[in-house]
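First the structure, in the form of C-alpha cells, and then the observations on it.
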Amino acid sequence: MGNEVLLDAGAVSRCRRRVHLEHDPAMREVPLPPPDPTAQQRIDDATAHREEILRRLVEATGPDATWARIARDRPAAERVRLTEQAFADGVQYIWGGLLPADSIEHRRGGVDLLVRAGTGYVPVLVVRHRITDRGSGAPTTVMTDLDPAHRGPDDARKVRSQPRDQLRLAHLRRMLQTHGRAEAGRAMGGVIGLDADVVVWHDLTAGTWPGGRSAMNEYDARFADRLAVATAAATGDEPLAMPSRVLECRRCPYWPTCEVLLTETRDVSLVVRGEDATELRKAGVSTVDNLAALDPVDDAPPMNWTGGTFADAIMLARAWLADLTMVRRTPEVEVARADVEVDVDMESFGDAGAYLWGTLLSGADIGLPRGYRAFATWDPLPTTDEARSFAEFWAWFTDVRERTLAAGLTFRAYCYNALAENRWLFGSVERFGDHPGVPSRKAVQSFVDSDEWVDLFRSVTDQFLCSRGKGLKVVAPVAGFTWRDPEAGGEASMRWYRDAVGMDGELPDDAQRERLLRYNEDDVLATKALREWMSDRAQAEVPYMLDL
C-alpha cells in the first residue's frame with residue numbers, strides 16, 4: 001500500500017503525535033520496545049471474554065438463527081471475503097467480521113458482532129470493562145436480546161461514561177454506510193460489557209456530548225483531525241502534531257522516541273501536562289526553564305489555567321531543574337497520628353473484585369498481635385468467597401477500633417489513595433450485603449467520612465510538590481523505603497495473581513501467592529514508613545519551595 005493512509009477506530013482516541021509516528025515512514029527503521037506482557041495479557045483476557053460471550057449468544061439465539069463466525073486469526077483478505085459473503089447471504093449475526101478497507105474515506109476496521117436489523121446491520125462491541133453503574137435510565141436489552149428495537153430504560157442501571165466505545169461504534173457506522181450495509185434508521189450501536197448481563201444501546205446521533213454534540217459529530221471532527229495528522233506524516237509535510245507528555249505516554253511504545261526529544265528541548269510538558277502545556281507553549285512558555293524563571297508570587301498564568309495553581313507549576317519546574325523528587329509546599333509538614341494505627345492496602349484484579357485486604361497494626365497494645373495480617377481469597381475472581389474474606393477483614397478491623405475506643409485511646413487507619421480502597425469497600429457492600437459479617441453501606445460511609453480514615457496521598461498532595469509523580473513507588477523511596485521485590489508494581493501483580501490462582505489452566509502457584517502477600521506487606525510498610533518520615537524527618541530533609 002506504500003504510504004496509503006488508513007485509520008482504525010482507535011486513532012480518534014489516541015494521542016495526535018502517536019498517530020503521526022504510526023504513519024511516519026522514517027519510524028519504520030526505529031526499533032520499538034518489546035510488547036508489554038501485561039498488555040498482551042489484557043488482550044488474551046479480552047479474547048477469552050469474547051469467546052465466552054459468543055458461546056452464550058449462539059446458545060441463546062437457538063438453532064434457527066443464522067451465524068457467520070469468522071476467526072480473527074485468518075488472513076485479512078479471507079476475513080473480508082467471508083464478511084462480504086455473509087452480507088450477501090443476509091446472515092442474521094456476523095461474528096468477527098472485517099470490513100473492506102476504504103481507500104477513499106481512509107478507514108479500516110473490524111467488529112466483534114454485526115446484527116441484522118431492518119434494512120441493514122448495526123455494530124455491537126464486546127468489551128472487558130464495565131458499561132453500567134447502579135442507577136436508572138440506561139437503554140438496554142438483556143444480553144441475549146440483540147434487537148435494538150427492544151431496548152428500553154433500565155430501572156437498575158445507568159450508562160457508565162465510556163467515550164471510546166461510542167467513538168468505535170461511530171467509526172463502524174461510517175464504514176457500514178460507505179459499503180451500503182448500515183441500518184437505515186437512527187445510528188445505533190450496542191455494547192456488551194464485563195458483567196455480560198445486558199446490551200447497552202447507544203443512540204450515536206443524540207446530543208449527549210459536551211456542547212450538545214453527538215457521538216457522530218465528535219467522531220467526525222476527531223477523524224478529520226487525525227487524518228490530516230497522518231497524511232502530513234505519510235507525505236513528509238510539516239508535522240501537524242509535535243510531542244507532548246500526556247497520560248497515554250506511560251503505555252505508548254513510541255514514548256522512548258518522544259522522551260528523548262522532550263528532554264533535549266526541556267519541553268514544558270515534562271512538568272505540566274495536558275492542555276495547560278499546549279496553552280503555555282502558545283504563550284511563549286515552551287520550556288521548563290521558561291516556566292521556572294517566572295515569579296510564583298507576582299506572575300499570573302498567561303491563559304485559563306486548569307491544573308492546580310500556577311505557582312505550584314513554577315515551583316515544580318524549579319524542582320525539576322534542581323533534580324529534586326519532592327519539595328515542600330508548606331512551611332511545616334503535618335500528618336494526623338493516633339495511639340493505635342492500622343495501614344490498609346487492597347489488591348484487586350481489574351474490575352473482577354478485591355482478592356486481598358492487607359493490614360499492618362502498630363502502636364499501643366490493645367491485646368491483638370501487632371504486625372502484618374492479610375485477609376485473602378485464592379478462588380479465581382469473580383467468586384462469592386470474596387465476601388468471606390472481606391467480612392473477616394471488616395470484623396477484625398471493627399474489633400481493633402472497638403478495643404481502642406474501650407481503652408480510651410485514639411485510632412486512625414491509613415491508605416495511599418483512598419479512591420481504590422473506597423471503591424471496593426462500597427463495592428463489596430453492594431455485591432455481598434446479604435453475606436454474614438458484611439457491613440451496611442451506612443457503617444462504611446460513617447467510617448470513610450470520619451477523621452479515622454486518612455488518605456496519605458491527599459496529605460502528600462497538600463504538602464509537597466512531586467516533580468516525578470506522586471505514586472507510592474515514587475514517594476516512599478524518598479522516605480528511605482524500598483520494596484523487597486524488584487518487579488513490585490500494580491501491573492506485575494496482575495501477572496502474579498493469574499499464576500497464584502491458576503487462572504490460565506495451570507495449577508495454582510503457591511510461590512506467587514507468597515509473592516503477592518510479600519508485595520502487599522511492603523505496600524503497608526511503605527505507608528507506615530512514609531507517615532513516620534513526614535512526622536519526623538521530612539521537615540529537615542525536603543527543601544521548602546520558596547527557598548529554591
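In this chain, residues are counted from 1 in sequence order.
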**OP:** Output, in order, the C-alpha distance, side-chain angles, deciding distance and verdict of side-chain contact (heavy atoms from CB on, under 4.5 Å) for V501 and T377.
**Re:** CA-CA 9 Å; V501 300; T377 174; over 6 Å; no

Original post:
Should the pair W483 and F481 be assigned to parallel (<30°), tilted (30 to 60°) or perpendicular (>60°) ring geometry?
Top reply: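 Rings of W483 and F481: perpendicular, over 60°.
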
Subject >> Ring geometry between Y497 and F349 (parallel below 30°, tilted from 30 to 60°, perpendicular above 60°) >> reply: tilted

Take atom [atom1] in [X]; do more than 12 heavy atoms of anything else shown fall under 6.0 Å from it?
{"X": "Q539", "atom1": "CD", "answer": "yes"}
{"X": "D547", "atom1": "CG", "answer": "yes"}
{"X": "D451", "atom1": "CG", "answer": "no"}

To the nearest 0.5 Å, what is the distance between [atom1] on [X] and [atom2] on [Y]?
{"X": "L465", "Y": "Y544", "atom1": "CG", "atom2": "OH", "answer": "10.0 Å"}
{"X": "L405", "Y": "T410", "atom1": "CG", "atom2": "OG1", "answer": "11.0 Å"}
{"X": "R328", "Y": "L546", "atom1": "CZ", "atom2": "CG", "answer": "10.0 Å"}
{"X": "S440", "Y": "K442", "atom1": "OG", "atom2": "NZ", "answer": "7.5 Å"}
{"X": "L262", "Y": "S269", "atom1": "CG", "atom2": "OG", "answer": "4.5 Å"}
{"X": "F393", "Y": "T398", "atom1": "CZ", "atom2": "OG1", "answer": "8.5 Å"}

Does a side-chain N-to-carboxylate-O contact under 4.0 Å join [X] and [Y]?
{"X": "E487", "Y": "R515", "result": "yes"}
{"X": "R14", "Y": "D8", "result": "yes"}
{"X": "R157", "Y": "D197", "result": "yes"}
{"X": "R245", "Y": "D267", "result": "no"}
{"X": "E521", "Y": "R373", "result": "no"}
{"X": "D133", "Y": "K158", "result": "no"}
{"X": "K528", "Y": "D343", "result": "no"}
{"X": "D523", "Y": "K473", "result": "yes"}
{"X": "D509", "Y": "R513", "result": "no"}
{"X": "R531", "Y": "E341", "result": "yes"}
{"X": "E218", "Y": "R222", "result": "yes"}
{"X": "R423", "Y": "D351", "result": "yes"}

Note, [X] side chain near [Y] side chain (heavy atom, < 4.5 Å):
{"X": "H129", "Y": "Q162", "result": "yes"}
{"X": "R412", "Y": "V342", "result": "no"}
{"X": "C466", "Y": "V327", "result": "no"}
{"X": "V199", "Y": "V191", "result": "no"}
{"X": "E532", "Y": "V335", "result": "no"}
{"X": "Q512", "Y": "R495", "result": "no"}
{"X": "L361", "Y": "V340", "result": "yes"}
{"X": "V288", "Y": "L291", "result": "no"}

Original post:
For S244, which of R281, R16, E275 qualifies under side chain to side chain donor-acceptor pair (under 3.5 Å)?
Top reply: R281

Subject >> Given R160, R130, R134, the one that forms salt bridge (charged side-chain N to carboxylate O under 4.0 Å, His left out) with D195 >> reply: R130

Original post:
Can you list the steps and then say if W209 with S214 is a side-chain hydrogen bond (donor to acceptor under 3.5 Å, both in side chains)?
Top reply: CA-CA 6 Å; W209 286 61; S214 69; over 6 Å; no

Are any side-chain N or O atoms of [X] and backbone N or O atoms of [Y], one a donor and one an acceptor, separated by less than 3.5 Å?
{"X": "D345", "Y": "N520", "value": "no"}
{"X": "D399", "Y": "W396", "value": "no"}
{"X": "R56", "Y": "A196", "value": "yes"}
{"X": "Q463", "Y": "E334", "value": "yes"}
{"X": "D276", "Y": "T306", "value": "yes"}
{"X": "R151", "Y": "T140", "value": "no"}
{"X": "H49", "Y": "V127", "value": "yes"}
{"X": "R329", "Y": "D462", "value": "yes"}
{"X": "E386", "Y": "A354", "value": "yes"}
{"X": "D455", "Y": "N417", "value": "yes"}

Which atom names give the shortest non-hydrogen contact between [X] and [Y], and what distance separates them?
{"X": "R388", "Y": "A376", "value": "NH2-O, 3.1 Å"}
{"X": "R18", "Y": "C252", "value": "CD-SG, 3.7 Å"}
{"X": "W424", "Y": "S348", "value": "NE1-CB, 3.5 Å"}
{"X": "A319", "Y": "S467", "value": "CB-CB, 4.3 Å"}
{"X": "E347", "Y": "S493", "value": "OE1-OG, 4.4 Å"}
{"X": "F397", "Y": "A413", "value": "CZ-CB, 3.7 Å"}

Subject >> Pair V333-F464, side-chain contact (heavy atoms from CB on, under 4.5 Å): steps then yes or no >> reply: CA-CA 9 Å; V333 177; F464 297 94; 3.9 Å; yes

Subject >> Test log, rule side-chain hydrogen bond (donor to acceptor under 3.5 Å, both in side chains), inputs T47 and D44 >> reply: CA-CA 5 Å; T47 299; D44 293 344; 5.3 Å; no

Original post:
Yes or no on side-chain contact (heavy atoms from CB on, under 4.5 Å) for T527 and V344, after CA distance, side-chain angles and deciding distance?
Top reply: CA-CA 9 Å; T527 61; V344 178; over 6 Å; no

**OP:** Check whether the ring centres of W453 and Y414 lie less than 6.0 Å apart, and answer yes or no.
**Re:** no

**OP:** Determine whether the aromatic ring centres of F375 and W357 lie less than 6.0 Å apart.
**Re:** no

Original post:
Can you list the steps and then say if W378 with Y355 is a side-chain contact (heavy atoms from CB on, under 4.5 Å)?
Top reply: CA-CA 7 Å; W378 298 113; Y355 64 89; 4.2 Å; yes

